[in-house]
Amino acid sequence: MLQKLKSASLKKVLPGVIIMFLISAGLLIYFGPDFITWAKGPVPFEELTIDEIEDQYVTMTFELTWGTYATQVTTTTRNGAKVSERDSMQYHAVLVGGLDRYLYSDEDLYWEFIGLALPAKYFDTARIIDRNSDDFFETYDLRTLDTTLQVTGQICPMEDDMLRYYRSFFREADYTDEEFAAYCAPYYIKVDGLKRASVGVVLTMMVTAALLFVIALFMLIKALTGGYQRKLVKALKAQGEMELERADSDYETASEPTKGLRIGRNYLFDCTSAKTAVYPLRQVAWAYIHQVDHKKYGRTVGTTYSIMMYTEDKKQHSLAVPDKSSCDKVIDELGRKCPAGIFGYSDQLKQLFNKNYDEFTRLRRQKEAEQNQTQGFTDTYADPNQNQSPYV
């Protein structure tokens, strides 16, 4: 029995395990390089030359802008109509290596540029830096650059549209195509971002991948080692050393009125999920068919069924059943093998069960005695949509 249950659990968890492993692997493959880049940490942008900047993850001091060559606008619409729009990203042209490289070099260097993509949360500071930059280019007084912003991000290649704006910006500054190709790197620093996404998204995806991998591995190991049957074994052994063997024999000879539910002479085995549950039939107090109609626009678009079962300790258990016909078969089988069980639903039965359980128990014992006297089983199933007397 246990080996069969273990194999059944493995079959049920395996599709989910495979899907989680695949998703985890996909996230690791796609976001892994960015995570490794982030984990290595940024290098100082001021130490890089124009030939060294590609794909670097850098930290830089933003204190001077040559100007804004593009602005990204985010538009909010509702029912096809524009509700609002806002600037969400600014693209600045900044000096490769920072200003100090050009001011304090022994060589007469040409100014080289790269883009800087700045998110909206930095716009207030960027506005001050932009004003200070205008003052600096008029006076060349370093004291005007009294506001700085420390930013971190990966250097990424510009896409075609962005590169077109970038080239147009420098053409308006009288750069020739040759000068643009020589001194304007077709890259930009993606502030707070990595190549594929923001740092926050990359870290979230890595945590998600790790969690999915751990969960999938846990489920796989649990299924292979019989962990989904551990409570079943513990409960049976608590009733006596021989009870596990008795349940094993009962399982092998049990009927299966619907897939996943096996009913023997002494036990009901619920194998509809990976976790196996077992219920002694002598403890089944009440069971009935539970029907849920799913409606859309006032029309029923689907119906789900289950068996609501209560044991002597008044605990509720829901048994998954695919359709009404299978529910009938389960109730019929329980009715034949549980002479002390009440089967069928009525408001009177519900009130009796909830408000006067002693009387409900007396009713069960009376029913069991009557069936024992006739040496048979009476099917007391009632349609869930009909009321009946509590005295079945």
Side-chain angles (χ1 to χ4, degrees), residues 1-43 53-59 72 74 88-89 117-121 151-159 162 187-234 259-261 269-278 294 302 304 306 317-322:
M1 175 186 74
L2 291 179
Q3 188 58 43
K4 290 180 179 179
L5 293 176
K6 188 189 301 183
S7 298
S9 295
L10 180 61
K11 289 180 181 179
K12 291 184 181 298
V13 303
L14 201 55
V17 167
I18 292 173
I19 290 172
M20 284 189 282
F21 275 142
L22 289 176
I23 293 174
S24 178
L27 292 175
L28 288 171
I29 291 171
Y30 187 76
F31 292 102
D34 279 1
F35 177 75
I36 294 172
T37 297
W38 172 83
K40 288 180 179 178
V43 298
I53 60 176
E54 185 176 1
D55 290 335
Q56 292 281 3
Y57 183 53
V58 300
T59 181
Q72 181 176 312
T74 298
S88 55
M89 190 79 72
L118 205 63
K121 64 180 180 180
V151 295
T152 302
Q154 188 165 10
I155 297 176
C156 303
M158 292 183 182
E159 297 179 355
M162 190 54 58
Y187 300 96
Y188 70 99
I189 302 172
K190 189 177 182 181
V191 175
D192 294 341
L194 295 158
K195 183 172 289 187
R196 291 169 177 81
S198 68
V199 172
V201 170
V202 170
L203 296 182
T204 299
M205 292 300 102
M206 288 298 97
V207 171
T208 301
L211 286 175
L212 288 175
F213 180 83
V214 170
I215 293 171
L217 187 61
F218 172 78
M219 291 172 61
L220 182 61
I221 293 175
K222 188 174 181 179
L224 290 172
T225 57
Y228 289 104
Q229 288 74 48
R230 189 165 292 128
K231 287 187 177 180
L232 176 148
V233 173
K234 183 178 180 181
K259 187 174 182 180
L261 289 179
F269 301 88
D270 183 2
C271 313
T272 54
S273 65
K275 181 181 178 181
T276 309
V278 60
H294 304 281
T304 56
S306 61
H317 309 278
S318 179
L319 308 179
V321 183

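The structure displayed is predicted, hence computed values, not measured ones. The residues of the chain are indexed from 1 along the displayed sequence.
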Side chain to side chain contact (heavy atoms under 4.5 Å, CB included) assessment of M1 paired with L232: CA-CA 12 Å; M1 175 186 74; L232 176 148; 4.3 Å; yes

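- A 4.5 Å side-chain heavy-atom check between Y187 and C156 finds every atom pair outside the cut-off.
- In this structure, K222 satisfies the cation-pi test against Y228, with its NZ or CZ atom closer than 6.0 Å to the six-membered ring centre and inside 45 degrees of the ring normal.
- Checked for salt-bridge contact, D270 and K275 miss the test: no charged N lies under 4.0 Å from a carboxylate O.
- Of all non-hydrogen atoms in Y57 and G193, the two that sit nearest each other are CE1-O, 4.2 Å.
- Counting all heavy atoms, side chain and backbone alike, V17 lies closest to A216 at CG2-O, 3.7 Å.
- Shortest non-hydrogen contact noted between A197 and F31 is CB-CE2, 4.0 Å.
- A distance of 9.5 Å separates CG of L212 from CE of M205, quoted to the nearest 0.5 Å.
- Taking every heavy atom of both residues into account, I53 and I155 meet most closely at O-CD1, 3.3 Å.
- Nearest heavy atom pair, residue K6 against residue Q229, reads CA-OE1, 3.8 Å.
- The side-chain heavy atoms of S198 and D192, taken from C-beta on, include no pair separated by under 4.5 Å.
- Judged by distance alone, the side chain of T225 and the main-chain N or O of I221 form a donor-acceptor pair under 3.5 Å.
- The minimum heavy-atom distance between S24 and F213, with the atom names listed, is OG-CB, 3.6 Å.
- Between D34 and R196 a salt bridge is recorded (basic side-chain N to carboxylate O distance below 4.0 Å).
- Atom CD of Q3 sits about 9.5 Å away from atom CG of L5, to the nearest 0.5 Å.
- Side-chain atoms of Q154 never come within 3.5 Å of backbone atoms of I189 as a donor-acceptor pair (strictly under, hydrogens ignored).
- Tested against D55, the residues K40, K190, K195 include a single salt bridge (charged side-chain N to carboxylate O under 4.0 Å, His left out) partner, K195.
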